[in-house]
Every structure is written in C-alpha cells, then in structure tokens.
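Following: one structure in structure tokens, then a few remarks.
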Amino acid sequence: MRYLPILEELCSSDSVLFMAAGVIVALVISVKFCDTKRNLIGLIGSFVVYAICEVLSNFYTNYMLEIALLFAGTLALGAFIGFLIGSIVLVRLRGIDGKL
C-alpha cells in the first residue's frame, strides 16, 4: 500500500503541469466569484476531491482508473492551491472595511 501516490507522482514526474493548470483555472474562477463564501466552498470541494482520489488510488484497480485518479487528483490539488491563493488575495484586497 502506497500512502500518498499522487504527491509521490507529482514529485517524481512532470505532472506539475496538470497542477499548474488546476491553479490557473481555480484562480480565474476565484476572481470571477469575488466572494469569500464561494471561494471557501471551492477550496473545501477541491480538497475533498483530492482526498477521495488519494484514498481510491491506494486500492488495487486497473491502470486506466489509476491514471484517471492521478489526473483528477493532481488537478484538484492545483485547484485547492488556486482557491487558497485567490481567497488570500481577496481578503487582502478587501482590507479592514470589508469592501472591494
């Protein structure tokens, strides 16, 4: 049983490009939302998708399913990072008064 196969693959190959695509898509969506609550929902949702992909990839399945889980998990991890960055930027732009 491998413990974190998606992170292991991320560090050992060029699947960082998929994560970068997830970050870019999530940043665009985060800017379009411009709402902290929606960004938080996106942040939690993308982490849940990543966690499910990580858990399911620990079970022995066929190779096609593992490749799909790796692809979806890497994109979800990138989306998590993108929503996190977008939320931080949104909170910093709003400042103390809460208006953008």
Side-chain angles (χ1 to χ4, degrees):
M1 181 171 155
R2 303 168 301 171
Y3 290 107
L4 296 172
I6 293 175
L7 283 179
E8 179 182 327
E9 183 67 28
L10 189 65
C11 294
S12 66
S13 72
D14 60 346
S15 61
V16 174
L17 298 174
F18 295 127
M19 190 177 80
V23 169
I24 291 169
V25 168
L27 279 174
V28 169
I29 292 171
S30 179
V31 168
K32 289 285 186 183
F33 281 166
C34 199
D35 183 25
T36 307
K37 183 178 178 182
R38 288 184 180 177
N39 285 343
L40 185 62
I41 291 171
L43 183 75
I44 293 170
S46 60
F47 183 76
V48 167
V49 169
Y50 164 71
I52 289 171
C53 289
E54 195 75 71
V55 168
L56 289 178
S57 64
N58 277 320
F59 298 115
Y60 179 74
T61 57
N62 59 10
Y63 290 116
M64 189 63 184
L65 183 60
E66 287 199 19
I67 290 172
L69 288 172
L70 175 70
F71 180 72
T74 306
L75 283 174
L77 184 62
F80 174 75
I81 294 170
F83 277 117
L84 184 65
I85 292 170
S87 297
I88 291 171
V89 167
L90 184 65
V91 167
R92 295 292 262 177
L93 285 177
R94 286 193 174 172
I96 297 172
D97 60 355
K99 299 206 192 278
L100 188 60

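Each residue takes its place number in the sequence, starting with 1.
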Worked verdict on Phe33 versus Leu40 for side chain to side chain contact (heavy atoms under 4.5 Å, CB included): CA-CA 11 Å; Phe33 281 166; Leu40 185 62; over 6 Å; no

Quick one: closest heavy-atom pair of [X] and [Y], and the distance?
X	Y	value
Pro5	Ser57	CG-OG, 3.1 Å
Glu66	Phe59	OE2-O, 3.9 Å
Cys53	Ala72	SG-CB, 3.9 Å
Phe83	Ser46	CD1-OG, 4.2 Å
Asn39	Ser87	CB-OG, 3.3 Å
Leu10	Val16	O-CG2, 3.7 Å

Compare all side-chain heavy atoms of Val49 with those of Leu75 and state whether any distance is below 4.5 angstrom.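 Side-chain contact under 4.5 Å: no.
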
Same cluster (ILVMFWY, side-chain, under 4.5 Å), [X] and [Y]:
X	Y	answer
Val89	Ile29	yes
Val31	Val28	no
Ile67	Met19	no
Ile52	Ile44	yes
Leu56	Met64	no

Testing Leu69, Ile6, Leu17 for side chain to side chain contact (heavy atoms under 4.5 Å, CB included) with Thr74, which one passes?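 Single pass found, and it is Ile6.
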
Please report the interatomic distance [atom1]([X]) to [atom2]([Y]), rounded to the nearest 0.5 Å.
X	Y	atom1	atom2	answer
Arg38	Leu43	CZ	CG	16.0 Å
Ile81	Leu27	CD1	CG	10.0 Å
Leu90	Ile85	CG	CD1	13.5 Å

Take the angle between the ring planes of Phe80 and Phe47 and call it parallel below 30°, perpendicular above 60°, tilted in between.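 Tilted, since the angle between the ring planes falls between 30° and 60°.
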
Phe18, CZ: over 12 other non-hydrogen atoms inside 6.0 angstrom: no

